[in-house]
Every structure is written in structure tokens, then in C-alpha cells.
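Note that these values count all heavy atoms, side chains included, but never hydrogens, waters or copies made by symmetry.
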Amino acid sequence: MLRHAALLVGAGYDVRIFAQAPLPAVPPAPVTVIPGPGSDTRVRLGMVLRQAPASLVPASADLLYWLSTSRLTTRSDLLRFKPDLVIANDWRALPLAVAAKRGCGARIIYDSHEFAPEEFADSWRWRVLARQHVVRIEDRYIREANAVATVSDGIADALAQRYGLVRPTVISNTPAWQETAFRPTTRPVTVLYHGAVVPRRGLETLIESVSLWPDDFRLVIRGPAQGGFDQHLRTLAMPFGERIALERAVPPDRLISTAAQADIGIFLLSNSTTHARFAMPNKIFEYMQAGLMVISSDLPEVRRMVDASACGVLLSSDTPQIIAACLASLDPAQIDAYKRAALARARDLNFEAEGTKLLALVSKAAGLAV
């Protein structure tokens with residue numbers, strides 16, 4: 001979202017960001033801060049009170065969506081701004097965008113970063129309590145958008161089929177281009193996971209696998225944690241001493257340069273849901289621009305990228321044994337070859353290239369181009 005805002009400001013648009021904290025110290029445009037959901041307990045309570053009823057009465061989703069002081073305040077602030085165009089990031093923002101469409105004639109671009117009907121389908125609680133609410137909101141409002149964008153071909157095809165849409169524009173979530181020098185692999189070899197430190201990212205499996213790794217490999221897990229999950233991981237990592245480091249997230253402008261200190265970027269996600277099969281995580285692009293070899297779960301979208309770039313390998317399964325065997329099969333020369341391929345492909349896979357698609361979409365949706 002910050003990259004999009006900066007690009008649009010640079011193109012001469014008057015931009016205002018509506019977002020929850022945390023925000024960068026110097027955002028690219030003025031910000032209206034949306035109050036956050038609060039503690040994890042409040043998040044779970046909100047799911048029960050404002051989402052679960054739609055599992056029995058789908059029509060209740062529309063009313064219950066607005067039983068949120070935060071959303072009502074945001075709607076008032078948005079209407080006061082009188083936007084000509086709203087870019088709604090994911091399903092939660094769609095009703096707000098439609099409120100602006102009806103209140104001041106705003107046009108809408110729906111930017112879907114996930115396939116919302118399946119986003120947390122591996123969680124039975126989400127399936128029981130929240131799924132019908134999400135489905136109802138997206139189905140009710142998505143056709144109000146003047147254009148739809150998403151981050152992968154799989155999600156674009158799924159949205160077009162599910163809602164009878166013109167195929168959404170695919171704008172990959174790539175980082176802004178910055179030159180990264182090739183860094184030869186040295187020992188110890190550093191394997192990096194960066195991103196949200198949350199359940200269902202294979203982090204427990206990754207830590208468990210370290211006991212089977214070659215002695216000269218170490219693991220770094222870096223990113224923002226939620227709900228104390230990082231403390232759980234620290235407990236699991238304690239027996240490994242310095243071989244595993246859990247680090248705080250770094251600012252967005254330091255993400256690539258910090259990642260470049262590693263050798264391999266790893267990503268695990270179970271291929272058990274439709275949403276997972278469509279996943280094209282931004283961290284894959286970030287690993288490549290940082291000049292890292294990529295190791296990932298074998299997901300269709302990721303496979304297309306890795307195969308086309310020759311920048312890494314895919315795991316046949318996400319078990320500690322397979323992860324360890326993959327690492328044991330690598331020598332520095334092989335890792336370096338993958339790292340060079342990643343850097344070469346990153347020259348074409350960056351936001352400067354993808355941003356031209358966004359500018360064209362905004363111009364067309366705003367009625368400035370045919």
C-alpha cells in the first residue's frame with residue numbers, strides 16, 4: 001500500500017492513506033489512522049459477535065459489518081475527504097469504498113491480496129465463524145468496483161470465475177528496485193525466513209528441522225509477531241543456541257539490504273487449501289532482489305516463478321527430514337549459482353515494472369484514459 005501511495009503521489013495524484021498502525025515515520029502521503037482492533041481477545045470476540053451470525057443468516061453480514069465504531073469513524077473521515085477514487089485493499093475495505101461511491105461518486109479499484117473465500121480455510125474456527133461473513137461481503141460489493149486487481153494469476157482466474165468478472169489485472173507485490181551486489185556464500189550458511197511470525201507458516205517445523213541440518217547452516221526468523229507466538233518459537237529454539245536467531249522486523253526501506261546478509265530465503269506453506277495454491281508471497285520477490293537462493297513449498301504460483309527464474313528449489317514435502325536433506329545437498333557453488341539467477345531475474349521483477357500497470361489501471365478507472 002505504501003509503494004502504491006508513493007507511486008501515485010509521484011504521478012501527481014492527491015493521495016490520502018487510511019490505515020491502521022504501525023506506520024512508517026515518514027509516510028509517502030498524509031495518513032488518517034484507523035483505530036486498530038485491539039487485543040487478540042477483542043479480535044476473537046469480534047469474530048464471534050460480528051461475523052459468526054452470517055453463518056446462520058448470511059444477510060446479517062451487511063448490518064453487522066457496520067457495528068464497529070472504527071469503521072463508522074473511517075467512513076465519516078473518508079466521506080469528508082471526498083475522494084474521486086478509492087483503492088480498497090482486501091475485502092474489509094470494500095464496504096467503505098462503496099460508501100464513498102454512493103456518498104460522493106468515487107470510483108473504486110478493489111485490490112485483492114488474498115483469495116478471501118479461502119484465506120484461512122485450514123482453520124476450522126474461521127470456516128465455522130467467519131467464512132460466510134467474508135463471502136457475503138465480497139460477493140455483495142465486488143461488482144461495485146470499476147476495476148479489480150490482484151497479486152497472482154491463480155487468484156485472478158478464481159475471482160473472474162467466482163464472480164463473473166472481467167479477469168482482474170495482476171500486479172505482483174514486488175519490492176521497489178534497489179541494486180544489490182552479489183555476495184558469495186560463506187560459512188556458516190544463513191537460511192532466512194522473513195515475514196509475519198504467526199501460526200501456519202511452517203515456523204515450528206522449520207525450527208524442528210534444524211536438528212537435522214548440516215552443522216554449518218543456521219536459521220534466522222525475522223518479522224513482526226502476533227499474539228505472543230514469537231515467545232513460543234523462542235522456547236522451541238532455545239536448545240539450538242546461536243544456530244537459531246529470532247529477530248524483530250526491520251523498517252520497509254531496510255528489508256532488502258538486511259535480507260541480503262543471508263544466503264537462502266525459505267518459505268513454507270501447506271498446499272492443502274485453494275488459497276495456498278494461489279499464493280505468490282511478496283517475500284519470494286524480496287528474497288530474489290536481496291540476492292538469495294529460494295527454497296519453498298511446492299505451490300503452483302511459486303513453482304512458475306522459481307522454474308522460470310532458476311533461482312532455487314521446491315520441497316517435495318514440508319517435513320523436517322526433507323528440508324534438512326535439501327540443505328545437505330547444497331554446496332556453496334550451487335547456492336551461488338541460484339543467487340546469481342535470482343539477482344538477474346529481479347531486474348525485471350520489481351515495482352518500477354509492476355507500477356506501470358497500477359498507473360494505467362488508476363488512470364482508466366478515474367476516467368482519464370480510454
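Legend: residues meeting salt bridge (Lys or Arg N to Asp or Glu O under 4.0 Å) with Asp153, ordered by chain and number and at least two apart, are Arg167. Annotation: salt bridge (Lys or Arg N to Asp or Glu O under 4.0 Å) contacts of Glu301 (sequence neighbours excluded): Arg304.
Counting only residues at least two apart or in different chains, ring-ring contact (aromatic ring centres under 6.0 Å, His included) contacts with residues 297-348 are absent. For residues 282-330, the ring-ring contact (aromatic ring centres under 6.0 Å, His included) pairs, not counting sequence neighbours, are His194-Tyr287. Applying the salt bridge (Lys or Arg N to Asp or Glu O under 4.0 Å) rule to pairs touching residues 227-243 yields nothing, sequence neighbours excluded.
The 12-atom threshold is exceeded at CG of Asp331, counting heavy atoms of other residues, nucleotides or ligands nearer than 6.0 Å. By the 6.0 Å contact criterion, CD on Glu179 is enclosed, its count of non-hydrogen atoms from other residues, nucleotides or ligands being greater than 12. Surrounding CG of Asp84 are at most 12 heavy atoms belonging to other residues, nucleotides or ligands under 6.0 Å away. Environment of NZ in Lys357: crowded, with over 12 heavy atoms of neighbouring residues, nucleotides or ligands closer than 6.0 Å.
Aromatic ring orientation, Phe115 versus Phe278: perpendicular (interplanar angle above 60°, classes split at 30° and 60°). Taking the six-membered ring where the residue is Trp, Phe217 and Trp213 present perpendicular rings, their angle passing 60° and hence far from 30°.
Between Ser297 and Leu268, the closest heavy-atom pair is OG-CA, 3.1 Å. The two residues Val9 and Ala29 make their nearest non-hydrogen contact at CG2-CB, 4.0 Å. Nearest heavy atoms, Ala279 versus Leu269: CB-CD2, 3.9 Å.
Side chains of His113 and Asn89: a donor-acceptor N/O pair is present below 3.5 angstrom, by distance only. A donor and an acceptor atom, one from each side chain of Asn350 and Thr174, are nowhere located under 3.5 Å apart. With 3.5 Å as the limit, one finds a donor-acceptor pair spanning the side chains of Glu138 and Tyr163. A donor and an acceptor atom, one from each side chain of Arg16 and Thr32, are located under 3.5 Å apart.
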- Item | Check against side chain to side chain contact (heavy atoms under 4.5 Å, CB included), Leu330 and Met293 | CA-CA 11 Å; Leu330 299 171; Met293 174 190 175; 3.6 Å; yes

- Item | Intermediate values then yes/no, side chain to side chain contact (heavy atoms under 4.5 Å, CB included), Leu129 and Gln51 | CA-CA 6 Å; Leu129 298 176; Gln51 296 184 354; 6.0 Å; no

- Item | Stepwise side chain to side chain contact (heavy atoms under 4.5 Å, CB included) test for Ile264 and Leu327 | CA-CA 10 Å; Ile264 297 170; Leu327 296 177; 4.0 Å; yes

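With Tyr193 as the aromatic partner, Arg201 does not meet the cation-pi criteria of under 6.0 angstrom to the ring centre and within 45 degrees of the ring axis.
Within the 6.0 Å centre-distance limit, the rings of Trp91 and His133 are counted as a close aromatic pair.
Of the possible polar contacts, none joining the Gln289 side chain to the Ala346 backbone as a donor-acceptor pair under 3.5 Å is found. Side chain of Ser60 to main chain of Val57: a donor-acceptor pair is present (N/O by atom type, distance under 3.5 Å, no hydrogens or angles). A distance-only check finds no donor-acceptor pair linking the side chain of Thr356 to the backbone of Glu352 [under 3.5 Å].
The CD1 atom of Ile284 sits 9.0 Å away from the CG atom of Asn282 when rounded to the nearest 0.5 Å. Summarising the geometry, atom CD1 belonging to Ile34 is positioned 4.0 Å from atom OG1 belonging to Thr74; distances are rounded to the nearest 0.5 Å. In this structure, CZ in Arg200 is found 9.5 Å from CZ in Phe229, a value given to the nearest 0.5 Å. The CD1 atom of Ile87 sits 8.0 Å away from atom CG of Leu361, with the distance rounded to the nearest 0.5 Å. Rounding to the nearest 0.5 Å gives a distance of 11.0 Å between CE of Met238 and CD1 of Ile207. Taking CZ of Arg140 as the start and CG of Asp62 as the end, the distance is 6.0 Å to the nearest 0.5 Å.
Salt bridge status for Asp263 with Arg183: present, with a side-chain N to carboxylate O gap under 4.0 Å. Taking a cutoff of 4.0 Å between a charged side-chain nitrogen and a carboxylate oxygen, Asp77 and Arg80 qualify as a salt bridge. Taking the charged nitrogens against the carboxylate oxygens, Arg107 and Glu144 have no contact shorter than 4.0 Å, which rules out a salt bridge.
The hydrophobic cluster containing Leu315 also contains Val306, counting ILVMFWY residues as joined when their side-chain heavy atoms lie under 4.5 angstrom apart, directly or transitively. Hydrophobic cluster membership differs between Leu94 and Leu79, with clusters built from Ile, Leu, Val, Met, Phe, Trp and Tyr side chains linked at under 4.5 angstrom. The hydrophobic cluster containing Val220 also contains Val294, counting ILVMFWY residues as joined when their side-chain heavy atoms lie under 4.5 angstrom apart, directly or transitively. Tracing side-chain contacts under 4.5 Å through hydrophobic residues (I, L, V, M, F, W, Y), one never reaches Val135 starting from Val98; they form parts of separate clusters. Linking Ile, Leu, Val, Met, Phe, Trp and Tyr residues whenever their side-chain heavy atoms come within less than 4.5 Å places Met1 and Val33 in a single cluster.
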Under 3.5 Å, which donor-acceptor pairs link side chains of residues 307-314 to any protein atom two or more places apart or in another chain?
residue	atom	partner	partner atom	Å
Asp307	OD2	Arg303	NH1	3.4
Ser309	OG	Met305	O	2.8

